[in-house]
Amino acid sequence: ALMITDECINCDVCEPECPNDAISMGEDYYVIDPMRCTECVGHFDTPQCVEICPVACIPVNPQHVESRESLWQKFERLRAEQ
Ligand code: SF4
Ligand code: SF4
């Protein structure tokens, strides 16, 4: 999963781009739910939030480093929930 750092300027452009509804406004800035972020695996070739963020504040979450396979499994789980 990816994460948003405190460099976020709350511009709100990433939130509607997320195919997994993983992004929401947090206490001070936007946050990514690691249970929902597949790094866009299953939807796009590249993370859409990273593509669009004007300040490049969306790195990999060091608490949630995941293999492509586990990201695929998360994608399948989220799809089954729909
Ligand atoms: Fe959403 Fe993709 Fe960004 Fe993860 S990488 S938060 S799934 S847009
Ligand atoms: Fe924050 Fe970047 Fe999302 Fe804008 S696009 S709300 S700066 S994380």
Side-chain angles (χ1 to χ4, degrees):
L2 305 187
M3 64 173 284
I4 295 171
T5 73
D6 62 6
E7 288 168 75
C8 172
I9 57 170
N10 295 336
C11 72
D12 188 40
V13 297
C14 58
E15 193 256 320
E17 296 299 320
C18 180
N20 294 320
D21 291 328
I23 304 175
S24 61
M25 185 61 197
E27 224 167 281
D28 298 314
Y29 48 90
Y30 278 77
V31 294
I32 293 175
D33 179 352
M35 301 307 290
R36 297 194 67 85
C37 174
T38 63
E39 301 181 20
C40 284
V41 166
H43 294 280
F44 300 100
D45 291 338
T46 55
Q48 298 299 288
C49 55
V50 173
E51 293 285 329
I52 206 165
C53 179
V55 295
C57 66
I58 314 182
V60 171
N61 187 331
Q63 315 279 331
H64 296 276
V65 178
E66 294 155 284
S67 68
R68 200 168 169 83
E69 194 187 343
S70 69
L71 291 166
W72 264 108
Q73 284 168 2
K74 194 189 299 184
F75 166 71
E76 299 284 1
R77 176 178 60 75
L78 289 168
R79 190 166 61 176
E81 277 175 12
Q82 280 171 6

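First listed ligand is number 1; within each ligand, the first listed atom is number 1.
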**Prompt:** Considering only heavy atoms of V13, which atoms of ligand 2 have at least one such atom less than 4.0 Å away?
**Reply:** 5 (S)
**Message:** At less than 2.8 Å, would any N/O/S atom of C40, backbone or side chain, sit next to atom 2 (Fe) of ligand 1?
**Reply:** yes
**C49 near atom 3 (Fe) of ligand 1: N/O/S under 2.8 Å** = yes
**Asked** Between K74 and E66, does at least one N-O distance fall below 4.0 Å, as a salt bridge requires?
**Response** yes
**Message:** So if I count the atoms of ligand 2 from 1 in the order they appear, which ones are less than 4.0 Å from some heavy atom of V55?
**Reply:** 7 (S)
**Message:** Suppose I only count heavy atoms of T38 and a 4.0 Å limit; which atoms of ligand 1 are within that range?
**Reply:** 7 (S)
**Complete:** So CD1 of I9 and SG of C53: to nearest 0.5 Å the spacing works out to 7.0 Å
**Asked** Among protein heavy atoms, which lies nearest atom 1 (Fe) of ligand 1, and at what distance?
**Response** C18 SG, 2.3 Å
**Asked** Which ligand 2 atoms are under 4.0 Å away from a heavy-atom of P54?
**Response** 5 (S)
**Message:** For atom 4 (Fe) of ligand 1, what is the closest protein heavy atom, and at what distance to 0.1 Å?
**Reply:** C37 SG, 2.3 Å
**Prompt:** Side chain or backbone of I23 under 4.0 Å from ligand 1, or both, or neither, by non-hydrogen atoms?
**Reply:** side chain
**Item:** Options N20, I52, D21, ranked by nearest heavy atom to atom 7 (S) of ligand 1, top entry
**Value:** N20
**Item:** Side-chain donor or acceptor of E7 paired with backbone N/O of C57 under 3.5 Å
**Value:** no
**E17 side chain near C49 side chain, heavy-atom distance below 4.5 Å** = no
**Item:** Residue portion contacting ligand 2 (non-hydrogen atoms closer than 4.0 Å) for I9
**Value:** both
**Message:** Between N10 (side chain only) and D28 (backbone N and O only), is there a donor and an acceptor less than 3.5 Å apart?
**Reply:** yes
**Request:** Using a strict 4.0 Å cut-off to heavy atoms of Y30, name the atoms of ligand 2 that fall inside it.
**Result:** 6 (S)
**Prompt:** Any ring pair (Phe, Tyr, Trp, His ring centres under 6.0 Å) pairs touching residues 40-82, not counting sequence neighbours?
**Reply:** H43-F75, W72-F75
**Prompt:** Ignoring hydrogens and geometry, is there a side-chain-to-backbone donor-acceptor pair from E15 to V13 under 3.5 Å?
**Reply:** no
**Pairwise distance CD1(I52) to SG(C18) - rounded to 0.5 angstrom** = 12.0 Å
**Fill in**
To atom 5 (S) of ligand 2, the nearest of C8, C11, C57, A56 on a heavy-atom basis is C11
**Request:** Name the closest protein heavy atom to atom 2 (Fe) of ligand 2, giving the residue it belongs to and the distance to 0.1 Å.
**Result:** C53 SG, 2.4 Å
**Request:** Using a strict cut-off of 4.0 Å, indicate which atoms of ligand 1 neighbour a heavy atom of L2.
**Result:** 5 (S)
**CA sep, side-chain torsions, deciding dist, call: D33, I23, side-chain contact (heavy atoms from CB on, under 4.5 Å)** = CA-CA 6 Å; D33 179 352; I23 304 175; over 6 Å; no
**Message:** Test side-chain contact (heavy atoms from CB on, under 4.5 Å) on L2 and V50; report intermediate values, then the result.
**Reply:** CA-CA 9 Å; L2 305 187; V50 173; 3.6 Å; yes
**Request:** Check each atom of ligand 2 against the heavy atoms of C14 and keep those under 4.0 Å away; list them by number with element.
**Result:** 3 (Fe), 5 (S), 6 (S), 8 (S)
